[in-house]
Amino acid sequence: MTEPRTRVVSNESLFDRAQAVIPGGVNSPVRAFGSVGGTPYFVARAEGPFVFDVEGRRYIDYVQSYGPSILGHAHPAIIAAVTDAATGGTSYGAPTENEVLIAEEMTSRVEGLDKIRLVSSGTEATMSAIRLARGTTGRDRIIKFAGNYHGHSDSLLVAGGSGIAQQGLVGSEGVTAGAVADTIVAPYNQIPEIDDTVAVVCIEPIAANMGLIGPAPGFLEGLRAACDDAGALLMFDEVITGFRLCRGGAAEFFGVQPDIWCFGKVIGGGLPMGAFGASHEIMGNLAPLGGVYQAGTLSGNPLATAAGLAAMLHLTVDAYAQLTAIATRLGDGMQAAFDKAGVDAVVPRIGPLLGLFFTAEAPTEFESAKAAADNGVYPRFFHGMLERGVALAPGAYEAIFPSLAHTDAEIDATIDAVTEVVATL
Ligand SMILES: *Cc1c(COP(=O)(O)O)cnc(C)c1O
């Protein structure tokens, strides 16, 4: 064996090396700091509300893996569950008890959700859900809303939020005109025309990939009725809201039931897992019961189901009340700091979900969200916070994700940092 190379451990040096071997140095575009400038911090480890970079700096983390780490990083119950699962083997290609347990847990929480199929990401969930909707209705077209993000599958990559908006793209190169020909894009918070060619209307019931924008009063109810009138299915993409907003997700929160649900992020407890589900009848169209094919070598992976189950078992009604209290303290404190400094900023909060717009009035759809995201304030705010040891997402379209591990001390330190940074804006 040769001596290990002397490790030059700095964010800068790792980013240089990363860029030589990974496009943009990252495995998901938002992480590259493209829209805020500068060098990404490379994470060495994380614990509770904190991430630590390779230079030993500690940050209060509001990225939290963009949602999955709802209990905070490296939660002991998840570490124990994953460790225990790993000692029994990491993948089998045969069914396991934990797959049954997590499906029972999820379906018992959500009214109308009878069956779920596990996949390995939110992208896979929405992609498969759309195929299922088309197979169920025998129709081709889908409607999505501008600024909603449903993962990176071809037919959904138009007018997307999150990283696709950050890059200023309306869609992606490499997607054929045919792949998006059946995708209709509608403005959020307006009921679109739905005719009898539409298989499914896809929506983030709370838009959390263009900042945070809630549904206007009556919007989801109206959409439900319009889908019923047109014989189209309604799909809630609950990859962010599912099991984060409250015990039963957005459907419970708003009292509107979709036909198909998509989940991800929280349900994997920080490991790669997504799911889609529906009634017995609709899920009966999925192979091996029906003719809509969908499969996955690592679907229902034993490490992911163990982590997800451990997370879900901690997500009690009390836990949601606690997370909402944490988000409220943070959101109110940030808003007060902005107001006191006379900075035009809105910190929208819906239950435990938080957003941030540098604008006087909260946007209700993508165009105004885009104007707020692109006005140049966020990058300065982001770097001011990062310098003070607070890690927000490196993009203005992302939500703020406090976790259950964030205590009053971290929240108050964050608000102090906001107060300092707004004085420099
Ligand atoms: C993150 C996200 C997805 C995609 O999930 P991945 O696991 O990143 O593929 C889909 N829909 C929504 C609403 C999301 O926030």
Side-chain angles (χ1 to χ4, degrees), residues 26-32 62-70 116-131 133 142 144-167 172 183 188 200-215 220 234-245 249-251 253-254 258 260-277 294 296 298-301 304 307-308 311 350 352-355 366 369 393-401:
V26 292
N27 283 309
S28 197
V30 175
R31 299 178 196 167
Y62 294 102
V63 182
Q64 292 287 342
S65 186
Y66 294 91
S69 308
I70 191 169
I116 58 136
R117 169 69 52 87
L118 292 175
V119 292
S120 298
S121 68
T123 295
E124 265 189 88
T126 56
M127 184 179 82
S128 306
I130 281 166
R131 185 180 305 144
I142 62 174
K144 79 170 287 282
F145 294 93
N148 280 192
Y149 180 67
H150 302 295
H152 64 90
S153 69
D154 281 1
S155 68
L156 289 165
L157 261 189
V158 280
S162 189
I164 190 117
Q166 244 140 57
Q167 301 231 311
S172 170
T183 305
Y188 197 75
V200 62
V201 177
C202 309
I203 187 164
E204 284 185 72
I206 294 172
N209 285 287
M210 50 170 164
L212 190 79
I213 297 180
L220 294 177
L234 177 60
M235 181 192 103
F236 276 5
D237 179 349
E238 294 221 45
V239 170
I240 284 184
T241 54
F243 309 110
R244 169 173 289 274
L245 191 55
F253 195 83
F254 294 111
I260 303 185
W261 286 257
C262 294
F263 300 104
K265 299 196 167 112
V266 160
I267 67 163
L271 274 86
M273 192 155 77
F276 62 102
Q294 188 282 329
L298 293 174
S299 292
N301 174 266
I350 305 170
L353 288 173
L354 274 185
F366 191 35
Y397 291 98
E398 311 299 333
I400 298 172
F401 290 108

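Counting starts at 1 for both ligands and their atoms, in listed order. In this chain, numbering begins with 1 at the start of the sequence shown.
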Q. Under the side-chain hydrogen bond (donor to acceptor under 3.5 Å, both in side chains) criterion, do Q294 and R131 qualify, and how do the steps go?
A. CA-CA 9 Å; Q294 188 282 329; R131 185 180 305 144; over 6 Å; no

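- When all heavy atoms of P258 and A251 are compared, the closest pair comes out as CD-CB, 3.9 Å.
- Around atom 1 (C) of ligand 1, the closest heavy atom drawn from E204, M273, K265 belongs to K265.
- Below 3.5 Å of separation, one finds an N or O of N209 facing an N or O of ligand 1.
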Q.
If you apply the rule ring-ring contact (aromatic ring centres under 6.0 Å, His included), what do you find for F276 with F263, and how did you get there?
A. CA-CA 6 Å; F276 62 102; F263 300 104; over 10 Å; no

(Q) Walk me through whether M273 and L118 qualify under side chain to side chain contact (heavy atoms under 4.5 Å, CB included). (A) CA-CA 7 Å; M273 192 155 77; L118 292 175; 4.1 Å; yes

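- Protein heavy atom closest to atom 11 (N) of ligand 1, with residue, atom name and distance, is D237 OD2, 2.6 Å.
- Ring pair F366/Y397 is tilted by interplanar angle, where 30° to 60° counts as tilted.
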Q: Might you work through the side chain to side chain contact (heavy atoms under 4.5 Å, CB included) test for H150 and E204, ending with a clear yes or no?
A: CA-CA 8 Å; H150 302 295; E204 284 185 72; 4.2 Å; yes

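- Below 4.0 Å from some heavy atom of T123 lie the following atoms of ligand 1, by number and element: 4 (C), 5 (O), 6 (P), 9 (O).
- For the pair Y149 and ligand 1, the shortest N or O to N or O distance falls below 3.5 Å.
- The shortest N or O to N or O distance between T126 and ligand 1 is not below 3.5 Å.
- In summary, the atoms of ligand 1 found under 4.0 Å from a heavy atom of G151, numbered by their order in the structure, are 3 (C), 4 (C), 10 (C).
- In terms of polar-atom proximity, defined here as any N/O pair under 3.5 Å, V239 makes no such contact with ligand 1.
- Residue I240 has at least one heavy-atom neighbour below 4.0 Å for each of these atoms of ligand 1: 15 (O).
- Ligand 1 places these atoms under 4.0 Å from at least one heavy atom of S121: 7 (O), 9 (O).
- No side-chain donor-acceptor contact under 3.5 Å links S69 to the backbone of G270.
- In the vicinity of G122, heavy-atom distances shorter than 4.0 Å reach the ligand 1 atoms 4 (C), 5 (O), 6 (P), 7 (O), 9 (O).
- Remark: side-chain polar atoms of Q64 are not paired, donor with acceptor, to backbone N or O of P68 under 3.5 angstrom.
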